Amino acid sequence: MLGLPTLFLAFIVAKALVLPAPLQAPIHGYTIEDMVSTVDVFGNGTLVNITGTIQDVYKQLRNINPSFHRNITTTSTKSKRSATHIDQGNLICGPSLDPNNAWWTPAQKQEAVRDGVLYLHEHPGQPNMGPGPGACWRVSCSECAGIFLCNDNKEPKVIDSWEWVGDCADRIYGGCMGIDVNYGLLGQNFEQGNWNCIVRDDPC
């Protein structure tokens, strides 16, 4: 019979073996990397690099600075769109992306996508992507609903603001959600400047 110290050690080992799922590219032929955000933690110029999704960033920020608060509202995502970001995306929804459903898996928690859009609209700074083409970063993930940002340029790409990424994902949320309520939410939106975003199922 195992004694208490042995049982405690076994529990620790078991917990250590529960690792997060490795990142997977959102589309065949693309690559995937961790997103790194540079954030002013205390509002005084103290910059810290944090790896992970927007949700990961805010969680780690609260660990570093418990008084840090997200500046987020619950207003409609449509009303949050940047006045300088014109709707010019090329949107592809659902089964049209892959009629054989060999690669694409729709997100079932559609409201989790909306929450991700709200996070992105309020995130400070600019997304700075490495060179592509076909290079992607998972920028939001909750309840197995992932939002990916992808660069199809051969050179690095800087986008004016995270709000633009939120706009991109919001077009998928608003434009693809009603196509088939039983199918889930799945789409890819191509923006001017040769970058795009993808919404799909993904283990967080």
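For the single chain, residues carry numbers from 1 onward in sequence order. No hydrogens, no waters, no symmetry mates; every other heavy atom, side chains included, goes into these values. None of these values were measured; they are calculated from a predicted model.
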Distance col, row Q60:CD vs Q55:CD, nearest 0.5 angstrom, shows 12.0 Å
CD1 of I64 to NZ of K59, rounded to nearest 0.5 Å, is 13.5 Å
Heavy-atom closest pair (V117 atom, G166 atom, distance to 0.1 Å) is CG1-O, 3.6 Å
**Message:** Any non-hydrogen side-chain atom of I32 less than 4.5 Å from a side-chain atom of P26?
**Reply:** yes
Close side-chain approach of I172 and D170, heavy atoms under 4.5 Å: no
With sequence neighbours left out, the residues meeting side chain to side chain donor-acceptor pair (under 3.5 Å) with E111 are Y173
Would you say L120 and I54 make side-chain contact, with heavy atoms under 4.5 Å? yes
key: Backbone N/O of E122 and side chain of E163: donor-acceptor pair under 3.5 Å   = no
In this structure, CE of M177 is separated from CZ of R114 (nearest 0.5 Å) by 9.5 Å
Check: W195 versus C150: any side-chain heavy-atom pair under 4.5 Å?
Finding: no
| message | Assess the residue pair R138 and D202 against the criterion (side-chain contact (heavy atoms from CB on, under 4.5 Å)); give the C-alpha distance rounded to whole Å, side-chain angles, the decisive distance to 0.1 Å, and a yes or no. | response | CA-CA 9 Å; R138 188 175 69 177; D202 196 64; 2.5 Å; yes
Residue pairs meeting ring pair (Phe, Tyr, Trp, His ring centres under 6.0 Å), one or both in residues 141-163, sequence neighbours left out, come to H123-W162
Exercise for the section: Please answer: with hydrophobic residues joined when any side-chain heavy atoms are less than 4.5 Å apart, are V36 and M129 in the same cluster? Expected result: no
> Can you find a heavy atom in the side chain of P127 that is under 4.5 Å from one in the side chain of V139?
Replying inline: no
Tell me whether C144 and C204 have SG atoms closer together than 2.5 Å. no
*Sidechain-backbone polar pair: D115 side chain, Y119 backbone, donor-acceptor under 3.5 Å*: no
query = Is a donor on one side and an acceptor on the other found under 3.5 Å between the side chain of D34 and the backbone of G52?
reply = no
Rounded to the nearest 0.5 angstrom, the CD-OG1 distance for E33 and T51 is 11.0 Å
CG of N194 to CG of N153, rounded to nearest 0.5 Å, is 4.5 Å
Quick one, V39 and V48 - any side-chain contact, counting heavy atoms below 4.5 Å? no
Q: Indicate yes or no: at least one non-hydrogen side-chain atom of I92 is less than 4.5 angstrom from one of F190.
A: yes
**Asked** Cut-off 3.5 Å, side chains only: do N128 and Q126 have a donor facing an acceptor?
**Response** no
dist N90:CG -> Q192:CD (nearest 0.5 Å) comes out at 11.0 Å
Closest non-hydrogen contact found for N151 with E155 is ND2-O, 3.1 Å
Contacts of N63 meeting side chain to side chain donor-acceptor pair (under 3.5 Å) (sequence neighbours excluded), chain-then-number -> none
- Query: Would H121 and D167 count as having a side-chain donor-acceptor pair, cut-off 3.5 Å?
  - Reply: yes
Sorted by chain and residue number, the side chain to side chain donor-acceptor pair (under 3.5 Å) partners of N65 (sequence neighbours excluded) come out as S67
With sequence neighbours left out, the residues meeting side chain to side chain donor-acceptor pair (under 3.5 Å) with N196 are D152, Q188
Residues at least two apart in sequence or cross-chain that pass salt bridge (Lys or Arg N to Asp or Glu O under 4.0 Å) with D56, listed by chain then number, are none
Pair L186-C176, side-chain contact (heavy atoms from CB on, under 4.5 Å): steps then yes or no: CA-CA 7 Å; L186 173 65; C176 299; over 6 Å; no
>> Are D201 and P106 packed together at the side-chain level, in the sense that at least one heavy-atom pair is separated by less than 4.5 angstrom?
In response: no
